[in-house]
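This report concerns only the one structure given below.
Nothing here was measured: the structure is a model prediction, and the numbers come from that model. Computed over heavy atoms, backbone and side chain alike; hydrogens, waters and symmetry mates excluded.
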Amino acid sequence: MGAAPTSPVALRLSILLLLALAAPAWAQRVAFFPSDESPQAAYAEGRLVEALAEQGYEVLADRTDYDHLVSLVIHSERLGAEAFQIVPEGRMISVVGGDARGMIYGALALAEAIGNGTPLAEVEAVEESPALEFRGIKFNLPWETYRPSSALTQHTETARDPAYWEAFLDMMVENRFNVVSLWNLHPYTFMVRPTNFPEASPWSEAEQAEWEALYREIFRLAKERALDTYIVHWSIFVSEAFAEAHDVAETNFYPHYYVPGDTTEIVRRYLRESVRQVLEAYPDLDGVGISHGEGMAGMTPLERQRWMDDVLIAGMLEADRPVKLIHRVPFSSGTSSDPGVSGDVEEVTRAAMERLEDRFDGPIWVEMKFNWSHAHSTPELVKVHGGELGDTYFDPLPTNYRIVWQMRNEDFFALRWGVPSFIREHVARNGEAAYVGGYFVGSETYIPALDYFTALDEPVDWRWAFERQWLFYKLWGRLLYDPATPDAVFQAEFDRRYGEAGANLLNALSLASSTQLRLASLYDAMWDFTLYSEGFLALQGDSTRYISVDRLIEQPTMDPDYVSVGEFVATMQSGGSFGADRVTPPILADMLERDGREALRLVDGVDTSGDASLRYEVADVQTWAHLGLHLAEKLRGAVALQTYRLDGAEADHAAAIDHLERALSHWDEVVAITRPLYRDMPLTHYNHGGFEANPDNLFHWALVRDEVARDVEIARRSRPD
């Protein structure tokens, strides 16, 4: 018979005793005031113990003869949900949370200060509270993913490792995200063997037990960190075993997507009971997210909504427990699975949600894709999934639901990104309305698990992919919690990691990675594969390839303030002009060159020898900077080329060739920087316009160099129209 499991509090006390025995005799002694017995309190204390031990403090197992006393407490009358205070008074420091989540945030804020070198005697008073209630991560699971691709399935082993989830969820709570949502096509047979449909499970008893243990551990770890958890899926999909057993839903299983909806009674019952059984089997799971798009072809919007109400919503409400709901909008306005927006559909969906009144736990979270799949573009809401959104969901003000913006990132996976000013402006423009509840951050075509990027065979300070992008998560999480968080908080992390060598890295990366925002604002994009910014790739016709100079001339802009090359040249040739608020190609080129040159100057001379992690940070700044300089020269070349085609001046022809040769030289700099650092990387976008997995899907800047060089030949061979 196995040993009884150790309680979180007993485990913490064991750690305290071990640390006390190992501490040097000269260390200042720290005691903890007893907190409650909850897993959240034990987690908060454990993280503080780690931070103190790393700085050489002796952590006492009792409260005798201490130098500092740390008190962790929840005080819901004093503070609101998720708020916290750090109150230093002599030898005592009180960490007060408005709830368990706020207490954890306070403990981690104190741990951060300690880790940044602040002595306990010099800790300052702090009080913080959240600006947005919902701060979530969209995490696509690698099994039964939305799209078949080795770029996604390669993460399966990593995502089945509880150690990975412990680290990922630690990152989330450190950065004050509060929701983790797990997305895949059909989650239910991974989570339960359906009571009335055991034939739906494709697993042996041992395999089923392994899957269930994994999900239970993920939800347990999340609950310990006071994170809400959701499963989110598409409809109408079942397991292949179920479809074969009952001769229904002929294509409604992985890897199929845009397929007819199967509305037979047996499918309805199977899915409704699966939803209820999962919710009752996993008490640490908070809610479910629904989508009525894929797998529902042939159904009208009203039929889709009625199916949702009759099956998935009914299953959730039949569970004997509180349930939270994510309701995704908008979806197809016709009977196909194609995206589209419609006032009629918006009215149907809003009415359906309002009929639910307050039957779900808290507000219904209504998820909308901000600027479709490319939210890292302009902070102006141009479109959602399918086109321009009306005001049906906002006016009149909803009472039982709140909007959460989905900040999809299908644009950068390898290179580090960090533009704090963009996130602050985004929240100021889109996050303060009464109908907004918060944000999601995440990707459809990328999973931040396995590190399939790093080529150097040298020690680095990360193990998993998300740890490479630490600044991305820190910026989004902390600025969603408090948009006024100063840059000094993020720069302090560079200082802690790299000392003086990191002094300019935040500013340099902010300038350099703005290249991505500007490209995505300049180049109008829609669904996932239509743009991959860090690779300068876009879906053109049926294939994904480098954005040629001709494509750049023709493509409309995402940001309405930006001016395309084609529009600019045509307007200038006709004697027109643009207002001071418009970003024309020459203005954009100058902005890119200014920021790229300054970013390169800021990291010039940084000594990265002996520190591979620092080398990657600096190299990514340099890569983004040269990509920006590449785009600047490409824009100038495109303007000159299109002008030559219209007016026939040889000076414009020569200028076009010269600028595009300069653009190629900057691409060669990108290749020279990244070739020794980055592997050839699987890319989901190379599925092109279809849903079939493409085995020839490797990306590296070196692999598309010939496509880049073709621009020069296009210019040389061009003639006046």
Report yes if the side chains of His426 and Met407 come closer than 4.5 Å at any heavy-atom pair, otherwise no. yes
Are the charged groups of Asp524 and Lys383 less than 4.0 angstrom apart, N to O? yes
For Asp590, enumerate each residue passing the side chain to side chain contact (heavy atoms under 4.5 Å, CB included) test, keeping only those at least two apart in sequence or located in another chain. Arg636
Centroid separation under 6.0 Å, is that true for the rings of Tyr258 and Trp234? no
What do the steps show when you test Asp550 against Arg645 for salt bridge (charged side-chain N to carboxylate O under 4.0 Å, His left out), and what is the final call? CA-CA 12 Å; Asp550 283 336; Arg645 287 168 172 170; 2.9 Å; yes
Between Tyr616 and Tyr678, does the ring centroid distance fall short of 6.0 Å? yes
How about Tyr546 and Trp667: do any of their side-chain heavy atoms sit closer than 4.5 Å? yes
Do the non-hydrogen side-chain atoms of Trp624 and Arg416 ever get within less than 4.5 Å of each other? no
Strictly below 4.0 Å, N to O, side chains only: are Glu598 and Arg594 in salt-bridge contact? no
Check whether any side-chain heavy atom of Trp476 sits under 4.5 Å from a side-chain heavy atom of Ile137, and report yes or no. no
Check this for me: does any side-chain nitrogen of one of Glu174 and Lys474 sit under 4.0 Å from a carboxylate oxygen of the other? no
Give me the one residue out of Phe440, Phe466, Tyr473, Trp165 that meets ring-ring contact (aromatic ring centres under 6.0 Å, His included) with Phe139. Trp165
Exceeds 12 heavy-atom contacts within 6.0 angstrom, atom CD of Gln573: yes
Looking at Glu713 and Arg710, does any basic side-chain N land under 4.0 Å from a carboxylate oxygen? no
Output yes when Arg716 and Asp711 qualify as a salt bridge under the 4.0 Å nitrogen-oxygen rule, no when they do not. no
Has Arg679 got its NZ or CZ under 6.0 Å from the middle of the six-membered ring of Phe699, at an angle within 45 degrees of the ring axis? no
For side-chain hydrogen bond (donor to acceptor under 3.5 Å, both in side chains), just list the numbers for Asp607 and Ser609, CA-CA rounded to whole Å, side-chain angles, deciding distance to a tenth of an Å, and then say yes or no. CA-CA 6 Å; Asp607 183 7; Ser609 60; 2.6 Å; yes
Ser291 versus Arg328, side-chain donor and acceptor atoms under 3.5 Å: yes
Indicate yes or no: does Asp595 engage Arg518 in a salt bridge with an N to O separation below 4.0 Å. yes
Side-chain (Glu410) to main-chain (Thr445) donor-acceptor, under 3.5 angstrom: yes
Contact check, side chains of Arg551 and Tyr523, non-hydrogen atoms, under 4.5 Å: yes
Say whether Gln642 and Tyr644, considering side chains only, have a donor N or O and an acceptor N or O under 3.5 Å apart. no
Taking side chain as C-beta onward, heavy atoms only, is Ser543 less than 4.5 Å from Arg545? yes
The ring-ring contact (aromatic ring centres under 6.0 Å, His included) partner of Tyr446 among Tyr146, Phe412, Phe413, Phe472 is Phe413
Any ion pair linking Asp161 and Arg463 (charged N to carboxylate O, less than 4.0 Å)? yes
Would the number of heavy atoms belonging to other residues, nucleotides or ligands and lying under 6.0 Å from CD of Glu650 be above 12? yes
Within-4.5 Å side-chain heavy-atom neighbours: Leu505 and Glu617: yes
Taking all heavy atoms of Leu641 and all of Ala656, pick out the closest pair and write down the distance. N-CB, 3.6 Å
Got a donor-acceptor contact below 3.5 angstrom from the Asp411 side chain to the His376 backbone? no
Under-4.0 Å salt bridge between Arg496 and Glu493: yes
State, to 0.1 Å, how close Leu677 and Ala619 come at their nearest heavy-atom pair, and which atoms those are. CD1-CB, 3.3 Å
Sidechain N-carboxylate O distance under 4.0 Å for Glu444, Arg147: no
Check whether Trp470 forms a cation-pi arrangement with Arg497 (NZ or CZ under 6.0 Å from the six-membered ring centre, at most 45° off the ring normal). yes
Between the side chain of Asn184 and the main-chain N/O of Trp143, is any donor-acceptor distance below 3.5 Å? yes
Are Trp462 and Thr454 linked by a side-chain donor-acceptor pair shorter than 3.5 Å? yes
Can a side-chain donor-acceptor contact be found between Thr145 and Asn140 if the only test is distance below 3.5 angstrom? no
Does any non-hydrogen side-chain atom of Phe168 lie less than 4.5 Å from one of Pro448? yes
Salt-bridge test for Asp611 and Arg615: reply yes if a basic N is under 4.0 Å from a carboxylate O, no otherwise. no
Is the cationic atom of Arg176 (NZ for Lys, CZ for Arg) positioned less than 6.0 Å from the six-membered ring centroid of Tyr481 and within 45 degrees of its normal? yes
